[in-house]
Amino acid sequence: MPELPEVQTIVNDLNSAGLTGCRIIGARVFWPRTIAEPSPGAFCRRIKGKQFTAIDRRGKYLVFPVDDGATLLIHLRMSGHLNLVRTNTPRTKHEHVVIRFADGRQLRFHDPRKFGRLQLVADPAIILNRLGPEPLSSGFTASVLASRLKKRRRLLKPLLLDQTFIAGLGNIYVDEALWEARLHPCRQACGLAAPEIKALHRAIRRVLKRGLKNLGTSLGTGKANFYSVSRRRGRNSDQLNVFRRAGLACPRCQSPIERIIVGQRGTHLCTKCQRVVPGLPR
DNA sequence: GTCTATGTTTGCGG
DNA sequence: TCCGCAAACATAGA
(Lines give C-alpha, C1' and ligand atoms only; values in the text may rest on other atoms or scores of the structure.)
Protein backbone atom coordinates (compact mmCIF):
# COMPACT_ATOMS: atom_id res chain seq x y z
CA MET A 1 0.00 0.00 0.00
CA PRO A 2 2.46 2.68 0.91
CA GLU A 3 4.25 3.89 -2.19
CA LEU A 4 6.67 6.79 -2.57
CA PRO A 5 4.28 9.62 -1.64
CA GLU A 6 2.98 7.76 1.40
CA VAL A 7 6.45 6.82 2.66
CA GLN A 8 7.69 10.37 2.11
CA THR A 9 4.70 11.73 4.04
CA ILE A 10 5.59 9.48 6.96
CA VAL A 11 9.22 10.63 6.81
CA ASN A 12 8.07 14.25 6.81
CA ASP A 13 5.78 13.64 9.77
CA LEU A 14 8.54 11.95 11.77
CA ASN A 15 10.89 14.81 11.02
CA SER A 16 8.27 17.38 12.06
CA ALA A 17 7.83 15.45 15.27
CA GLY A 18 11.52 16.02 16.00
CA LEU A 19 12.44 12.39 16.37
CA THR A 20 16.06 12.77 15.31
CA GLY A 21 18.39 13.27 18.20
CA CYS A 22 16.04 11.62 20.71
CA ARG A 23 17.80 9.04 22.88
CA ILE A 24 16.50 5.49 22.46
CA ILE A 25 16.18 3.89 25.88
CA GLY A 26 15.03 0.49 24.68
CA ALA A 27 13.06 -1.56 22.20
CA ARG A 28 10.74 -4.54 22.42
CA VAL A 29 9.72 -7.02 19.75
CA PHE A 30 6.39 -8.81 19.97
CA TRP A 31 6.47 -10.63 16.61
CA PRO A 32 10.02 -11.87 15.98
CA ARG A 33 9.75 -12.26 12.20
CA THR A 34 9.17 -8.51 11.87
CA ILE A 35 12.90 -8.05 12.53
CA ALA A 36 14.63 -9.27 9.38
CA GLU A 37 18.10 -8.80 10.87
CA PRO A 38 19.80 -9.17 13.29
CA SER A 39 17.95 -11.41 15.77
CA PRO A 40 15.24 -9.60 17.77
CA GLY A 41 17.40 -9.81 20.90
CA ALA A 42 20.45 -8.37 19.17
CA PHE A 43 18.28 -5.71 17.54
CA CYS A 44 17.05 -4.45 20.93
CA ARG A 45 20.50 -4.57 22.49
CA ARG A 46 22.16 -2.72 19.63
CA ILE A 47 19.63 0.06 19.28
CA LYS A 48 19.44 0.78 23.00
CA GLY A 49 21.20 4.01 24.00
CA LYS A 50 21.53 5.19 20.38
CA GLN A 51 19.73 7.91 18.47
CA PHE A 52 18.67 8.52 14.88
CA THR A 53 20.81 11.16 13.19
CA ALA A 54 18.32 11.64 10.33
CA ILE A 55 15.12 10.23 8.89
CA ASP A 56 15.03 9.69 5.17
CA ARG A 57 13.51 7.71 2.34
CA ARG A 58 14.84 5.64 -0.54
CA GLY A 59 12.22 4.02 -2.76
CA LYS A 60 9.67 2.59 -0.36
CA TYR A 61 12.20 2.20 2.45
CA LEU A 62 12.28 4.44 5.51
CA VAL A 63 15.94 5.05 6.31
CA PHE A 64 17.08 5.88 9.85
CA PRO A 65 20.86 6.36 10.18
CA VAL A 66 21.93 5.59 13.76
CA ASP A 67 24.68 7.53 15.55
CA ASP A 68 26.91 4.44 15.83
CA GLY A 69 27.14 4.15 12.04
CA ALA A 70 24.48 1.48 11.59
CA THR A 71 21.19 2.15 9.78
CA LEU A 72 17.66 1.08 10.56
CA LEU A 73 15.64 0.28 7.43
CA ILE A 74 11.88 -0.10 7.64
CA HIS A 75 9.77 -1.46 4.80
CA LEU A 76 6.02 -1.23 5.37
CA ARG A 77 5.05 -3.69 2.60
CA MET A 78 1.26 -4.10 2.43
CA SER A 79 -0.11 -2.96 5.76
CA GLY A 80 2.67 -1.48 7.90
CA HIS A 81 2.11 1.75 9.81
CA LEU A 82 4.12 3.76 12.29
CA ASN A 83 2.48 5.16 15.39
CA LEU A 84 4.16 7.80 17.52
CA VAL A 85 2.56 7.74 20.98
CA ARG A 86 3.14 8.50 24.66
CA THR A 87 4.63 5.71 26.74
CA ASN A 88 1.46 5.06 28.70
CA THR A 89 -0.66 4.47 25.56
CA PRO A 90 -1.97 0.90 25.66
CA ARG A 91 -0.37 -1.29 23.02
CA THR A 92 -2.84 -2.29 20.32
CA LYS A 93 -3.23 -5.72 18.78
CA HIS A 94 -0.93 -5.34 15.78
CA GLU A 95 1.89 -3.26 17.22
CA HIS A 96 4.75 -5.72 16.74
CA VAL A 97 7.77 -3.54 17.58
CA VAL A 98 8.07 -0.69 20.07
CA ILE A 99 11.04 1.71 20.20
CA ARG A 100 11.11 3.77 23.40
CA PHE A 101 12.63 7.24 23.58
CA ALA A 102 13.96 9.09 26.61
CA ASP A 103 11.44 11.91 26.18
CA GLY A 104 8.51 9.61 26.96
CA ARG A 105 7.48 8.86 23.39
CA GLN A 106 7.38 5.55 21.58
CA LEU A 107 7.62 4.73 17.89
CA ARG A 108 5.52 1.64 17.26
CA PHE A 109 5.47 -0.54 14.17
CA HIS A 110 1.88 -1.60 13.51
CA ASP A 111 1.26 -4.22 10.81
CA PRO A 112 -1.84 -6.44 10.66
CA ARG A 113 -0.57 -8.60 7.79
CA LYS A 114 2.91 -8.91 9.25
CA PHE A 115 4.68 -8.57 5.88
CA GLY A 116 6.56 -5.42 6.86
CA ARG A 117 10.16 -5.65 8.03
CA LEU A 118 12.68 -3.77 10.16
CA GLN A 119 16.38 -4.39 9.69
CA LEU A 120 19.38 -2.89 11.41
CA VAL A 121 22.31 -3.05 9.02
CA ALA A 122 25.92 -1.92 8.92
CA ASP A 123 25.82 -0.98 5.26
CA PRO A 124 22.43 0.10 3.88
CA ALA A 125 23.91 0.59 0.41
CA ILE A 126 23.95 -3.17 -0.09
CA ILE A 127 20.15 -3.08 -0.04
CA LEU A 128 19.42 0.41 -1.31
CA ASN A 129 21.81 0.30 -4.27
CA ARG A 130 19.71 -2.43 -5.81
CA LEU A 131 16.91 0.07 -6.31
CA GLY A 132 16.38 1.93 -9.55
CA PRO A 133 16.45 5.73 -9.84
CA GLU A 134 14.39 8.02 -7.62
CA PRO A 135 11.66 9.34 -9.91
CA LEU A 136 11.51 12.75 -8.22
CA SER A 137 15.26 13.33 -8.18
CA SER A 138 16.80 15.82 -10.60
CA GLY A 139 18.83 13.01 -12.14
CA PHE A 140 15.72 11.21 -13.32
CA THR A 141 15.33 12.80 -16.74
CA ALA A 142 13.32 11.66 -19.72
CA SER A 143 16.52 10.52 -21.41
CA VAL A 144 17.49 8.41 -18.38
CA LEU A 145 14.07 6.80 -18.54
CA ALA A 146 14.41 6.35 -22.30
CA SER A 147 17.72 4.54 -22.11
CA ARG A 148 16.42 2.23 -19.39
CA LEU A 149 13.21 1.45 -21.27
CA LYS A 150 15.08 0.71 -24.48
CA LYS A 151 16.93 -2.19 -22.86
CA ARG A 152 13.79 -3.93 -21.67
CA ARG A 153 11.29 -6.09 -23.48
CA ARG A 154 8.86 -6.44 -20.60
CA LEU A 155 5.37 -4.98 -20.41
CA LEU A 156 5.16 -1.47 -19.00
CA LYS A 157 3.06 -2.35 -15.99
CA PRO A 158 5.23 -5.08 -14.42
CA LEU A 159 8.37 -3.15 -15.38
CA LEU A 160 7.26 0.03 -13.63
CA LEU A 161 6.37 -2.03 -10.55
CA ASP A 162 9.90 -3.49 -10.56
CA GLN A 163 11.79 -1.57 -7.86
CA THR A 164 15.12 -2.25 -9.56
CA PHE A 165 13.86 -0.47 -12.68
CA ILE A 166 12.43 2.57 -10.90
CA ALA A 167 12.06 3.02 -7.16
CA GLY A 168 8.91 3.91 -5.27
CA LEU A 169 6.06 3.15 -7.66
CA GLY A 170 3.31 0.71 -6.68
CA ASN A 171 0.04 -0.40 -8.16
CA ILE A 172 -1.87 2.84 -7.57
CA TYR A 173 0.62 5.30 -9.02
CA VAL A 174 1.58 3.03 -11.94
CA ASP A 175 -2.04 2.80 -13.07
CA GLU A 176 -2.47 6.54 -12.62
CA ALA A 177 0.73 7.39 -14.48
CA LEU A 178 -0.10 5.11 -17.42
CA TRP A 179 -3.55 6.66 -17.72
CA GLU A 180 -2.07 10.14 -17.53
CA ALA A 181 0.43 9.27 -20.27
CA ARG A 182 -2.27 7.51 -22.34
CA LEU A 183 -0.22 4.32 -22.44
CA HIS A 184 -1.65 0.82 -22.28
CA PRO A 185 -0.12 -1.23 -19.44
CA CYS A 186 0.58 -4.03 -21.93
CA ARG A 187 2.78 -1.94 -24.19
CA GLN A 188 6.29 -3.30 -24.51
CA ALA A 189 8.87 -1.08 -22.83
CA CYS A 190 11.30 -1.00 -25.76
CA GLY A 191 8.50 -0.20 -28.19
CA LEU A 192 7.71 3.32 -26.98
CA ALA A 193 8.26 6.27 -29.27
CA ALA A 194 10.18 9.29 -27.97
CA PRO A 195 7.08 11.45 -27.35
CA GLU A 196 5.48 8.58 -25.43
CA ILE A 197 8.54 8.27 -23.20
CA LYS A 198 8.41 11.99 -22.50
CA ALA A 199 4.73 11.70 -21.65
CA LEU A 200 5.43 8.77 -19.32
CA HIS A 201 8.24 10.64 -17.61
CA ARG A 202 6.03 13.67 -17.03
CA ALA A 203 3.12 11.52 -15.89
CA ILE A 204 5.17 9.59 -13.33
CA ARG A 205 6.47 12.78 -11.78
CA ARG A 206 3.11 14.48 -11.89
CA VAL A 207 1.14 11.71 -10.15
CA LEU A 208 3.81 11.30 -7.47
CA LYS A 209 3.99 15.02 -6.77
CA ARG A 210 0.22 15.21 -6.60
CA GLY A 211 0.15 12.29 -4.17
CA LEU A 212 2.78 13.95 -2.04
CA LYS A 213 0.97 17.29 -2.03
CA ASN A 214 -2.15 15.48 -0.82
CA LEU A 215 -0.22 13.63 1.91
CA GLY A 216 -0.71 10.24 0.29
CA THR A 217 -3.58 8.04 -0.82
CA SER A 218 -5.91 6.57 1.81
CA LEU A 219 -8.60 4.30 0.39
CA GLY A 220 -11.87 3.39 2.08
CA THR A 221 -11.90 2.80 5.79
CA GLY A 222 -9.99 -0.48 5.92
CA LYS A 223 -7.36 -1.11 8.55
CA ALA A 224 -4.87 -2.21 5.91
CA ASN A 225 -5.05 1.21 4.38
CA PHE A 226 -2.54 4.02 4.30
CA TYR A 227 -2.28 6.28 7.26
CA SER A 228 0.63 8.49 8.03
CA VAL A 229 2.12 8.61 11.51
CA SER A 230 -0.48 8.19 14.23
CA ARG A 231 -3.29 7.38 11.81
CA ARG A 232 -3.46 10.66 9.91
CA ARG A 233 -5.14 10.05 6.54
CA GLY A 234 -4.07 11.34 3.13
CA ARG A 235 -6.54 12.89 0.74
CA ASN A 236 -5.13 11.80 -2.62
CA SER A 237 -7.90 9.23 -3.22
CA ASP A 238 -10.08 12.13 -4.40
CA GLN A 239 -7.53 12.78 -7.16
CA LEU A 240 -7.39 9.27 -8.62
CA ASN A 241 -8.55 8.98 -12.21
CA VAL A 242 -8.62 5.19 -12.72
CA PHE A 243 -7.44 3.27 -9.66
CA ARG A 244 -10.34 1.31 -8.08
CA ARG A 245 -12.74 3.14 -10.39
CA ALA A 246 -13.84 0.29 -12.67
CA GLY A 247 -17.17 1.05 -14.33
CA LEU A 248 -16.93 4.79 -13.66
CA ALA A 249 -16.42 7.29 -16.47
CA CYS A 250 -12.94 8.10 -17.70
CA PRO A 251 -12.41 11.77 -16.75
CA ARG A 252 -11.02 12.40 -20.24
CA CYS A 253 -13.35 10.59 -22.63
CA GLN A 254 -16.25 9.38 -20.44
CA SER A 255 -16.00 5.74 -21.54
CA PRO A 256 -16.04 3.30 -18.64
CA ILE A 257 -12.83 2.49 -16.78
CA GLU A 258 -11.98 -1.20 -16.99
CA ARG A 259 -10.19 -3.50 -14.62
CA ILE A 260 -7.97 -6.21 -16.09
CA ILE A 261 -5.18 -8.40 -14.73
CA VAL A 262 -1.64 -7.70 -15.95
CA GLY A 263 1.28 -9.58 -14.43
CA GLN A 264 -1.05 -10.99 -11.76
CA ARG A 265 -1.93 -7.47 -10.59
CA GLY A 266 -5.26 -5.72 -10.76
CA THR A 267 -4.89 -3.00 -13.41
CA HIS A 268 -7.20 -0.08 -14.10
CA LEU A 269 -7.33 1.71 -17.42
CA CYS A 270 -9.39 3.38 -20.10
CA THR A 271 -9.13 1.20 -23.19
CA LYS A 272 -10.23 4.09 -25.35
CA CYS A 273 -7.51 6.48 -24.19
CA GLN A 274 -4.88 3.77 -23.69
CA ARG A 275 -4.47 1.64 -26.82
CA VAL A 276 -2.25 -1.45 -27.02
CA VAL A 277 -1.57 -0.56 -30.62
CA PRO A 278 -1.66 3.22 -30.87
CA GLY A 279 -3.78 4.54 -33.67
CA LEU A 280 -5.76 1.34 -34.08
CA PRO A 281 -9.09 0.65 -32.44
CA ARG A 282 -8.89 -1.94 -29.69
C1' DG B 1 -20.61 -18.56 8.18
C1' DT B 2 -17.65 -19.00 3.70
C1' DC B 3 -15.09 -17.47 -0.03
C1' DT B 4 -12.27 -14.13 -2.60
C1' DA B 5 -9.36 -10.32 -3.25
C1' DT B 6 -5.69 -7.39 -1.56
C1' DG B 7 -2.16 -1.65 -2.28
C1' DT B 8 4.49 -5.71 -1.67
C1' DT B 9 8.46 -8.32 -2.18
C1' DT B 10 11.14 -12.49 -2.79
C1' DG B 11 12.46 -16.79 -4.57
C1' DC B 12 11.56 -20.74 -7.36
C1' DG B 13 10.84 -23.39 -11.64
C1' DG B 14 10.24 -23.26 -16.58
C1' DT C 1 15.76 -12.28 -19.50
C1' DC C 2 11.22 -12.87 -18.54
C1' DC C 3 6.99 -14.96 -16.72
C1' DG C 4 3.85 -17.23 -13.56
C1' DC C 5 3.19 -18.81 -9.16
C1' DA C 6 3.48 -19.31 -4.15
C1' DA C 7 4.40 -17.58 0.22
C1' DA C 8 4.56 -14.29 4.13
C1' DC C 9 -0.66 -12.84 6.87
C1' DA C 10 -5.18 -10.47 8.31
C1' DT C 11 -9.26 -8.36 7.08
C1' DA C 12 -12.97 -6.31 4.27
C1' DG C 13 -16.53 -7.18 1.33
C1' DA C 14 -19.51 -10.12 -1.34
Side-chain angles (χ1 to χ4, degrees), chain A residues 1-10 30-37 57-62 73-82 92-97 109-119 126-128 130-132 148-179 185-191 207-208 211 214-228 231 233-237 239-247 259-269:
Chain A
M1 142 218 80
E3 309 179 29
L4 187 155
E6 290 76 36
V7 177
Q8 185 65 52
T9 299
I10 292 169
F30 299 91
W31 183 262
R33 300 183 66 155
T34 299
I35 308 294
E37 63 174 310
R57 179 193 62 75
R58 173 78 170 97
K60 299 177 191 173
Y61 283 91
L62 291 127
L73 298 177
I74 299 183
H75 199 299
L76 303 168
R77 295 278 189 107
M78 297 283 270
S79 60
H81 306 293
L82 290 172
T92 63
K93 188 176 173 189
H94 301 295
E95 287 177 334
H96 306 313
V97 180
F109 182 69
H110 174 273
D111 187 17
R113 293 183 68 177
K114 298 178 176 165
F115 296 164
R117 292 291 179 263
L118 279 70
Q119 51 194 148
I126 293 171
I127 290 155
L128 301 180
R130 290 203 300 252
L131 299 174
R148 294 179 76 82
L149 286 169
K150 219 169 294 174
K151 292 182 261 184
R152 303 299 209 100
R153 310 186 52 137
R154 298 175 71 181
L155 306 183
L156 280 182
K157 167 101 183 193
L159 185 61
L160 294 173
L161 286 173
D162 183 343
Q163 301 299 299
T164 68
F165 180 78
I166 182 170
L169 293 177
N171 216 20
I172 298 174
Y173 294 97
V174 167
D175 283 2
E176 291 298 317
L178 289 172
W179 178 85
C186 297
R187 292 285 301 278
Q188 204 175 31
C190 57
V207 299
L208 292 176
N214 291 307
L215 307 176
T217 302
S218 301
L219 260 15
T221 55
K223 300 285 181 298
N225 206 338
F226 168 72
Y227 295 88
S228 183
R231 312 199 66 70
R233 291 174 62 88
R235 50 184 145 75
N236 197 57
S237 57
Q239 307 295 315
L240 300 180
N241 291 302
V242 286
F243 191 81
R244 290 262 180 105
R245 295 180 60 81
R259 183 180 182 278
I260 62 176
I261 303 291
V262 181
Q264 305 102 243
R265 306 297 303 275
T267 299
H268 310 76
L269 76 162

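Just so it is clear: chains get the letters A, B, ... in the order the sequence lines come, proteins before strands, and each one is counted from 1.
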Polar pair under 3.5 Å, donor/acceptor by atom type, side chain A:Arg265, base B:dG7:
no
Measure up the A:His110 and A:His94 rings against each other and bin them: parallel (under 30°), tilted (30 to 60°), perpendicular (over 60°).
perpendicular
What's the NE2-C1' distance between A:His75 and B:dG7, to the nearest Å?
12 Å
Side-chain N or O of A:Gln163 less than 4.0 angstrom from OP1 or OP2 on B:dT9?
yes
Report yes if at least one side-chain N or O of A:Lys93 is closer than 4.0 Å to OP1 or OP2 of C:dT11; otherwise report no.
yes
Distance check: side-chain N/O of A:Arg117 vs OP1/OP2 of C:dA8, anything under 4.0 Å?
no
Rounded distance (nearest 0.5 Å) linking atom CD of A:Gln188 with atom CG of A:Leu155
7.5 Å
Nearest to the side chain of A:Pro112 - C:dC5, C:dC9, C:dT11?
C:dT11
Could you give the CZ-to-C1' distance, from A:Phe109 to C:dA10, as a whole number of Å?
14 Å
Closest approach to the side chain of A:Tyr61, judged atom by atom: which nucleotide of C:dG4, C:dT11, B:dT10 is it?
B:dT10
Among C:dC9, C:dT11, C:dC3, which is the nearest nucleotide to the side chain of A:His94?
C:dT11
Checking N1-N3 plus N6-O4 or O6-N4 for Watson-Crick, or N1-O2 and O6-N3 for wobble, each under 3.5 Å, the partner of B:dG7 is none
May I ask you to evaluate whether A:Arg154 reaches the phosphate of C:dC3, defined as a side-chain N or O under 4.0 Å from OP1 or OP2?
yes
Whole-Å distance between C:dA10 C1' and A:His110 NE2?
11 Å
Which nucleotide in C:dA10, C:dC2, B:dT8 has an atom nearest any side-chain atom of A:Arg152:
C:dC2
Rounded interatomic separation in angstrom, taking CD from A:Gln188 and C1' from C:dC3:
13 Å
B:dT8 P sits how many Å from A:Leu131 CG, rounded?
14 Å
Short side-chain donor-acceptor distance under 3.5 Å, A:Glu6 and A:Tyr173
yes
Same-atom distance (P) from B:dA5 to C:dC5, integer angstrom:
13 Å
A:Arg148 and A:Ile166, any side-chain heavy atoms less than 4.5 Å apart
no
Euclidean distance, atom CD of residue A:Glu6 to atom C1' of B:dG7 [Å, nearest integer]:
9 Å
Assert: residue with more 5' nearest nucleotide on DNA chain C, out of A:Gln264 and A:Arg153, is A:Arg153
Separation of C:dC2 C1' from A:Leu156 CG (nearest whole Å)
15 Å
Can you tell me the Watson-Crick or wobble partner of C:dC9, both distances under 3.5 angstrom?
none
Taking atom P of B:dT9 as reference, at what distance in whole Å does atom CZ of A:Arg113 sit?
13 Å
Nearest to the side chain of A:Phe115, which nucleotide is it out of C:dA8, C:dC2, B:dG7?
C:dA8
Are A:His268 and A:Asp175 close enough that a side-chain donor and a side-chain acceptor fall under 3.5 Å?
yes
Main chain of A:Leu169, side chain of A:Lys60: is a donor-acceptor contact present, judged purely on distance under 3.5 Å?
yes
Among B:dT8, C:dA10, C:dC3, the nucleotide that comes nearest once only the side chain of A:Asn171 is considered:
B:dT8
